[in-house]
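One structure below.
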Amino acid sequence: MSIPTSNFIHDIIEADLASGKYTEVVTRFPPEPNGYLHIGHAKAICLDFGTALKYGGRCHLRFDDTNPTAEDTEYVEAIENDVRWLGFDWGENLFWASDYFGRMVECAVELIKIGKAYVCDLSVDAFKEYRGVPNIPGKEPAGRSRSIEENLDLFERMKKGEFADGTYVLRAKIDMASPNLHMRDPAIYRIKHASHHNTGDTWCIYPMYDFAHCLEDSIEGVTHSMCTLEFEVHRPLYDWILETLNLYQPHQYEFARLNLTYTIMSKRKLLELVKENLVNGWDDPRMPTICGMRRRGCTPEAIRAFCTEIGVTKTESLTDVALLEHHVRNDLNEIAPRRMAVLDPLKVVITSYPEGETEEFELPNHPNKPEAGTRTVPFTREIFIEREDFMEEPSKKFFRLAPGTEVRLRGAYLVTCTRVIKDADGNITELHCTHDPESKGGNAPDGRKVKGTIHWVSARHGIKAEVRLYDRLFTSENPAAEERDFKDYLNPDSLKVITGIIEPGLAAAKAGDKFQFERVGYFCADLDTAESKPVFNRTVGLKDSWNK
RNA sequence: UGCCCGAUGGUGUAAUGGUAGCACAGCAGACUCUGAAUCUGCUUGUCUAGGUUCAAAUCCUAGUCGGGCAACCA
């Protein structure tokens, strides 16, 4: 596991540790189980767990399940799975906000008893009127002057289920004139006759985020509570609740959320794509979700390296997806065995090669790692090469196959193109080449050099495979910031499904196996793969300084 | 509009009053049985205006620009 680099929060933690304010660091990752985790969450996960790791503390995985109508166990399992896959371990420290519902009610009662909370019967719209607007102080709701006894009674009856949803709400009594709207008597408990995935029908009142979250942190002894920037204005309320209840007070720190070019990071919008079948589910390899990226072939190591690289600041930014791709290539380059696959096949007949003969060539699995071993690849008179590796009238800088030129078939022979065969429409259908039998293995004994080396697959042995070519999901760098609806900027070419010819050994690939298709890109066997019908995803292409 | 937050090359960041550095991207070259990887070199930056100081990206003031907040969501 890479060591997290430093950031402004770590500076604070180090000062806290040095001053003796804390002797141990406790953090938490607190997702609401209402959707799938995405790369933005990965940033938070790396920060929360990485910080605990760095300072020898602990990080809790806590499900912030305070809103039963939005949540589902489907998400709980997916979240646990994704965090684990990213390489983090919460050990015994799995917690649920719902486990604290009893204590939270006690805290609410305490607030009522000290005159710091009251039951309010204003409708949503009516309270909006009272709250007012930022530059104008609000008005005090009548419920504010209700007696403690009456508040206690009303809250008890709320809890017992005597009232319908929306009829009453418990509010913190703070300051209806505060310049911070969150301090204008925020709701802390609402009535919701809904079944909870954890607590069933035990409760019909549920705490609001602002009330629940600080209590959860406090109860668990969190020292540094990290969240994204939009919660900055909530911090005074976080502090107020714990201070007022005279409870242990963690400190909340805010950092900028991750934005990536050519994608979106909002759970709501991602859900929209899934619901409207604009992608093939949460784990569609084009999605920025952890499960989508996993299916696409990204590694947790690459994602962690990326998160380390982008750092943690309070500056809002839009990170170039090229940076992520760099880390994906960087890791895959190390670990992915090399294979040959032709995505756009053009048949080549080696006319000088004996018909019916098969040779087995031994090719390295990794050019820079002899320890990665070798595999054998069959060679025959008829092969497929990549259509774009041939040019009838080559440009000056083209050094692949062209009429009369010699190239190396990777690991096999030097061949020279002798004939171009076309159909009636003038499309090239086949090439004839002659080979130099002396160049077996790829090098000529006379030492002559060829500039081009191309990949190939034996026509007789090659296996057809479905290959899914993914491109960016959106055509806009920042679809969420565009004028029109983000869905108007979906890239119609974000998925192209083609049939390629792969070297025979590749058919046995298991879902998730990763390879570099030499000269083409990094690919992984998809969940849909089967030996009888292999399916590969393009994770990311190779850098290509020729094509551009 | 009120409050809060932010601003360093094209992008993401570092520099915590003392040489503006790193990575990505881009460009050029070397090497190469992957036009990959690797290696070398190069281009590009402190929002503006004042002030404090021997010295300011850093501290102060004002402005500009960008973002957040006004769910019985989190």
Side-chain angles (χ1 to χ4, degrees), chain A residues 5-8 11 30-32 34-35 64 66-67 69-70 120 122-124 127-128 131-138 165-171 178-184 186-192 205-206 208-210 212-213 227-236 254 256 258 261 267-268 306 309-327 329-330 333-334 338 340 363-364 366-368 397-400 407-412 414 441-443 449-455 516-522 541-548:
Chain A
T5 49
S6 208
N7 58 56
F8 77 98
D11 292 345
E32 182 188 19
N34 68 344
D64 205 2
T66 57
N67 183 9
T69 51
C120 175
L122 254 22
S123 70
V124 180
F127 185 74
K128 240 180 216 166
R131 182 175 44 219
V133 289
N135 47 335
I136 302 164
D165 290 9
T167 49
Y168 289 103
V169 73
L170 184 70
R171 295 190 180 284
S178 171
N180 181 345
L181 275 327
H182 292 279
M183 300 298 272
R184 320 249 268 222
I188 58 177
Y189 256 99
R190 80 280 218 185
I191 299 170
K192 222 176 235 258
I205 55 169
Y206 293 94
M208 299 292 295
Y209 165 84
D210 283 307
H213 205 90
C227 63
T228 46
L229 247 25
E230 66 268 27
F231 293 104
E232 245 171 343
V233 283
H234 294 242
R235 194 180 345 128
E254 307 88 10
L258 172 67
T261 53
K267 267 194 205 173
R268 199 207 88 228
F306 168 74
E309 167 102 40
I310 56 171
V312 177
T313 66
K314 300 191 74 156
T315 314
E316 289 173 73
S317 56
L318 179 60
T319 300
D320 192 338
V321 72
L323 191 55
L324 209 209
E325 289 171 351
H326 161 76
H327 286 285
R329 286 193 192 98
N330 200 38
N333 179 45
E334 291 297 313
R338 278 31 352 180
M340 291 197 289
L363 271 73
H366 192 116
N368 314 328
K397 285 231 173 169
F398 187 81
F399 48 82
R400 304 174 190 175
V407 296
R408 174 165 34 236
L409 295 175
R410 178 111 166 125
L414 263 29
N443 281 312
K449 300 277 181 218
V450 290
K451 193 93 164 102
T453 298
I454 63 175
H455 59 283
Q516 185 196 87
F517 290 179
E518 282 191 287
R519 307 208 309 127
V520 180
Y522 293 100
L542 250 31
K543 276 184 71 175
D544 187 354
S545 53
W546 156 251
N547 250 339
K548 54 182 162 186

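To find a chain, count down the sequence lines: A is the first, B the second, and so on, and within it residues start at 1. Just so you know, these numbers use all the heavy atoms, side chains as well, and skip hydrogens, waters and symmetry mates.
One cannot find a donor-acceptor pair under 3.5 Å joining the base of B/G35 and the side-chain atoms of A/Arg519. A/His366 contributes no side-chain N or O that forms a donor-acceptor pair with the base of B/A37 under 3.5 Å. For A/Glu309 and B/U13, a side-chain-to-base donor-acceptor distance below 3.5 Å is absent, hydrogens and geometry of angles not being considered.
Ring-base stacking between A/Tyr209 and B/A74 is not satisfied when judged by a centre separation under 5.5 Å and a plane angle under 30°.
Look at B/A74: it lacks any Watson-Crick or wobble partner with both distances under 3.5 angstrom. In a base pair of the Watson-Crick type (N1 to N3 plus N6-O4 or O6-N4) or a G-U wobble (N1-O2 and O6-N3), with each distance short of 3.5 Å, B/A55 is matched with no nucleotide. With a 3.5 Å ceiling on both atom-pair distances, the Watson-Crick or G-U wobble partner of B/C22 is B/G12.
Taking atom C1' on both nucleotides, B/U8 is separated from B/A15 by 10 Å, rounded to a whole Å. Across the P atoms, B/C22 and B/C39 are found 15 Å apart, a figure rounded to whole Å. The P atoms of B/C31 and B/C47 are separated by 43 Å, rounded to the nearest whole Å. Of the C1' atoms belonging to B/U38 and B/G9, the separation is 26 Å, rounded to the nearest Å. Remark: the separation of the P atoms in B/A71 and B/A14 is 34 Å, to the nearest Å. Using atom C1' as the reference point in both B/U11 and B/G45, the two lie 12 Å apart (nearest Å).
Residues A/Thr453 and A/Val407 are not in side-chain contact: their nearest non-hydrogen atoms beyond the backbone lie 4.5 Å or more apart. The shortest distance between side-chain heavy atoms of A/Leu542 and A/Val520 does not fall below 4.5 Å. Annotation: side chain of A/Asn333 is in contact with side chain of A/Tyr522 (closest heavy-atom distance under 4.5 Å).
Checked against B/U13, B/A74, B/U34, the side chain of A/Arg190 finds its nearest nucleotide in B/A74. Side chain of A/Ala187, nearest nucleotide from B/U11, B/A74, B/C72: B/C72. In the set B/U32, B/C3, B/U34, B/C3 carries the atom at the smallest distance from any side-chain atom of A/Pro179. The side chain of A/Phe231 lies closest to B/A74 when the candidates are B/A74, B/A25, B/U34. Across B/A14, B/C24, B/A70, the shortest atom-to-atom separation from the side chain of A/Thr313 is found for B/A14. The side chain of A/Arg400 lies closest to B/G35 when the candidates are B/A74, B/U34, B/G35.
Across all their heavy atoms, A/Lys192 and A/Tyr206 have their closest contact at O-CE1, 3.3 Å.
Taking 90° from 0 as the syn/anti boundary, the base of B/A57 is oriented anti.
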